[in-house]
Amino acid sequence: MNFKEHLIQFPIFKTLGKAADELGVQTYVIGGYPRDLILKRPNTDIDVVCIGSGIELATKVAKALGPDTPLNVFKNFGTAQIPFGDFDLEFVGARKESYRSDSRKPTVENGTLEDDQNRRDFTINAMGISLNKETFGELIDPFDGLADIERKILKTPLEPGITFSDDPLRMMRAIRFATQLNFDIETETFDAISAMKDRISIVSQERITDELNKIIMTPVPSYGFKLLYNTGLLKIIFPEMEALQGVDVIDGKRHKDNFYHTLQVLDNICNTSDNLWVRWAAILHDIAKPPTKRFNKKVGWTFHGHEDLGARWVKGIFKRMRLPLDGKMRSVRNLVRLHLRPIALAKEGVTDSALRRILFDAGEDLEDLMKLCRADITSKDATRVKRYLKNFDRVEEMLIELEEKDKLRNFQPVITGEIIMAAFDLPPSKEVGVLKVAVREAVLEGVVPNELEAGFQFITEEGKKMGFQLDKSLEEVLAFVAKVQED
């Protein structure tokens with residue numbers, strides 16, 4: 001097979017080939033670019049391998065591209081990189097690798113093209129396309145990767161036990177590629193992952209999480225999680241999720257398999273959101289069901305409080321997974337904590353008070369919360385699903401109407417702690433907190449509008465009940481607070 005007609009559409013390949021010929025080195029584009037070219041997938045990452053010095057070739061290519069072409073050289077690794085237009089070019093000399101049993105960092109030495117292709121993770125990533133003039137565009141495919149693409153099979157170039165023992169991250173990459181491309185993992189390769197799964201312990205958490213996030217961001221991530229589960233990797237890298245699997249039966253009463261339910265919710269949310277953190281919320285929304293599972297003879301299986309316990313687990317899971325502990329984590333935690341609330345409204349009916357609390361508690365996460373709740377409806381009863389979704393439509397309409405009227409999303413009561421302290425000459429104290437909560441609850445319940453005069457009148461009455469006397473007007477209090485803030 002020859003890809004000359006494709007390569008000549010992009011002048012960069014001619015530049016690469018000319019530089020290689022002038023240096024007298026065999027040069028190939030290898031790995032992901034040939035694979036995705038055959039699969040008709042877009043790819044702008046060009047991995048260039050030469051039988052010689054990758055840095056020397058990159059230097060010559062950069063010079064040919066013009067004086068303003070950036071060249072990044074990494075001497076310790078023998079690699080170089082050139083960003084050029086839409087492309088990102090990576091250069092390396094062909095190499096041979098050997099590994100120690102306790103590390104996935106290889107000992108590297110110069111090698112042949114065959115050596116370089118032998119060290120690749122999968123046959124579909126071991127194909128190369130020649131860039132030299134005499135063989136320009138020719139496919140070099142020693143492991144029949146082209147046939148594996150046609151069969152939609154993922155397999156290793158060499159014996160899979162050696163491939164995965166050398167670099168255990170390749171087990172995660174196998175599952176990630178299978179999920180992204182909707183490929184099957186060849187039986188011997190799959191069995192080797194199961195046998196070598198404990199080797200994943202020498203891989204850094206950051207690399208594992210990077211592959212996991214790529215699985216999560218695929219169109220149907222449940223496929224990847226099923227592979228992780230069936231190979232035994234999931235129990236090692238994400239034991240809380242593995243623990244969701246299974247069904248208990250007592251007195252003929254059973255609960256749903258929360259592992260497969262979670263995967264269905266995850267796939268559902270992928271139809272409406274490409275936000276990684278919303279997808280993480282789908283993964284974690286029922287994560288605390290196993291420890292909260294109880295059997296009640298009257299009602300069957302219950303999972304009371306799993307949403308609150310799950311929310312408390314989020315930070316620990318994120319920390320262990322080396323995921324960010326910033327606003328992204330807080331949003332996931334908020335979505336896990338609140339995911340039952342809109343469902344309860346859709347089932348039981350809607351009050352303005354309940355809607356106000358959802359608006360207040362969800363804040364900027366409201367739209368994502370409603371997406372999660374819709375995704376969480378996985379009943380096999382189509383009529384039931386249709387009824388719930390119709391109720392959700394009404395809940396959302398009422399939320400929009402109420403938010404426009406009361407401006408409650410992310411609201412802060414206009415009566416602040418500073419106003420309360422100034423009004424009653426109080427220091428920071430428990431009593432100030434009690435009054436702040438009282439006015440907030442009054443606003444959420446619709447008893448008091450979130451306005452200064454109404455709120456001030458409310459805390460005046462509440463303060464009297466607590467034995468506090470008010471001898472200042474609202475104007476005097478506001479003037480005092482403004483002066484304190486200036487000072």
Side-chain angles (χ1 to χ4, degrees), residues 28 30-36 38-39 45 47 49 77 79 90 92-128 140-212 214-215 223-224 227-234 236-237:
Y28 310 86
I30 202 162
Y33 192 88
R35 177 200 68 220
D36 288 340
I38 294 165
L39 286 167
D45 295 329
D47 293 327
V49 172
F77 299 96
T79 63
E90 297 277 351
V92 68
R95 53 192 184 177
K96 186 177 183 179
E97 297 178 344
S98 58
Y99 291 81
R100 300 194 319 269
S101 62
D102 61 343
S103 173
R104 58 178 294 268
K105 295 180 180 179
T107 300
V108 178
E109 57 185 286
N110 293 337
T112 64
L113 176 63
E114 182 182 6
D115 290 329
D116 200 89
Q117 289 177 305
N118 284 343
R119 73 181 181 84
R120 298 284 163 169
D121 49 9
F122 307 109
T123 61
I124 65 171
N125 293 334
M127 296 181 293
I140 295 89
D141 183 16
F143 303 108
D144 214 6
L146 183 60
D148 289 336
I149 286 178
E150 291 172 351
R151 294 187 298 150
K152 303 188 74 172
I153 287 287
L154 202 71
K155 60 186 291 190
T156 58
L158 303 179
E159 199 278 311
I162 296 173
T163 298
F164 296 137
S165 180
D166 283 350
D167 184 357
L169 183 66
R170 290 169 176 166
M171 297 186 289
M172 292 290 297
R173 285 170 58 82
I175 292 171
R176 188 252 292 183
F177 278 121
T179 310
Q180 286 179 329
L181 302 176
N182 194 27
F183 276 27
D184 290 324
I185 299 177
E186 179 256 350
T187 301
E188 188 179 352
T189 302
F190 182 91
D191 291 343
I193 296 174
S194 298
M196 305 298 298
K197 62 183 181 297
D198 291 332
R199 289 280 290 161
I200 200 70
S201 61
I202 72 168
V203 180
S204 73
Q205 183 60 57
E206 288 83 358
R207 299 301 297 273
I208 292 172
T209 297
D210 181 56
E211 293 297 330
L212 190 62
K214 289 175 181 177
I215 292 170
Y223 179 44
L227 290 173
L228 289 170
Y229 175 78
N230 290 326
T231 56
L233 280 171
L234 190 65
I236 299 172
I237 67 170

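- Between Phe122 and Phe177, the closest side-chain pair of non-hydrogen atoms falls below 4.5 Å.
- Asp36 places no side-chain N or O within donor-acceptor distance of the main-chain N or O of Leu39, the cut-off being under 3.5 Å.
- Arg151 has a carboxylate O that lies under 4.0 Å from a charged side-chain N of Asp148, or vice versa, which qualifies the two as a salt bridge.
- With hydrogens and angles ignored, the 3.5 Å screen pairs no side-chain donor or acceptor of Asn125 with any backbone N or O of Gly31.
- Not one N or O on the side chain of Thr209 forms a donor-acceptor pair closer than 3.5 Å with the backbone of Glu206.
- Contact of the Lys152 side chain with the Leu181 side chain is not registered, since no non-hydrogen atoms from C-beta on lie closer than 4.5 Å.
- Closest of all the heavy-atom pairs between Leu154 and Ala178 is CD2-N, 4.1 Å.
- Within the 4.5 Å cutoff, side-chain heavy atoms of Phe190 are placed close to those of Leu227.
- Going from atom CD of Gln117 over to atom CZ of Arg120 covers 8.0 Å, rounded to the nearest 0.5 Å.
- For the pair Pro142 and Ala126, the tightest heavy-atom approach, listed with the atom from each and the gap, is CD-O, 4.3 Å.
- Under the 3.5 Å distance criterion, the side-chain polar atoms of Thr179 are matched with a main-chain donor or acceptor of Ile175.
- How far CD1 of Ile208 is from CD1 of Ile236: 9.0 Å, rounded to the nearest 0.5 Å.
- Across all non-hydrogen atoms, the minimal contact from Pro160 to Ala192 is CB-CB, 3.6 Å.
- In this structure, CD1 in Ile153 is found 12.5 Å from CG in Asp144, a value given to the nearest 0.5 Å.
- Asp121 has no carboxylate O lying under 4.0 Å from a charged side-chain N of Arg170, or vice versa, which leaves the two without a salt bridge.
- Put simply, the side chain of Arg95 reaches to within 4.5 Å of the side chain of Asp116, judged on heavy atoms.
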Could you go through the side chain to side chain contact (heavy atoms under 4.5 Å, CB included) check for Phe183 and Ile124 one step at a time?
-> CA-CA 11 Å; Phe183 276 27; Ile124 65 171; 4.3 Å; yes

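- With salt bridges taken as basic N to acidic carboxylate O contacts below 4.0 Å, none links Asp115 and Arg119.
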Side chain to side chain contact (heavy atoms under 4.5 Å, CB included) between Ile237 and Met172, intermediate numbers included = CA-CA 10 Å; Ile237 67 170; Met172 292 290 297; 3.9 Å; yes

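- Looking at heavy atoms from C-beta onward, Glu159 lies out of side-chain contact with Thr156 at the 4.5 angstrom threshold.
- Of the possible donor and acceptor atoms, none in the side chain of Asp184 sits under 3.5 Å from a partner among the backbone N and O of Glu186.
- Leu158 and Asn118 make their closest contact through CD1-O, 3.5 Å (heavy atoms, listed as atom of the first residue, atom of the second, distance).
- Summarising the geometry, atom CG belonging to Leu228 is positioned 10.5 Å from atom CD belonging to Glu211; distances are rounded to the nearest 0.5 Å.
- When atom types are taken as modelled, the side chain of Lys197 and the backbone of Ser194 share a donor-acceptor pair closer than 3.5 angstrom.
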Would Arg199 and Phe164 satisfy side chain to side chain contact (heavy atoms under 4.5 Å, CB included), going step by step from the backbone distance to the final call?
-> CA-CA 8 Å; Arg199 289 280 290 161; Phe164 296 137; over 6 Å; no

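- Met196 has its side chain out of reach of Pro168: every pair of non-hydrogen atoms, C-beta onward, lies at least 4.5 Å apart.
- Crowding of Gln205 atom CD: a count of heavy atoms from other residues, nucleotides or ligands under 6.0 Å exceeding 12.
- Considering only heavy atoms from C-beta on, Tyr33 stays 4.5 Å or farther from Asp45 through its side chain.
- At a threshold of 4.5 Å between non-hydrogen side-chain atoms, the residues Met127 and Ile30 do not count as touching.
- Between the side chain of Tyr223 and the backbone N or O of Ile215 there is no donor-acceptor pair closer than 3.5 Å.
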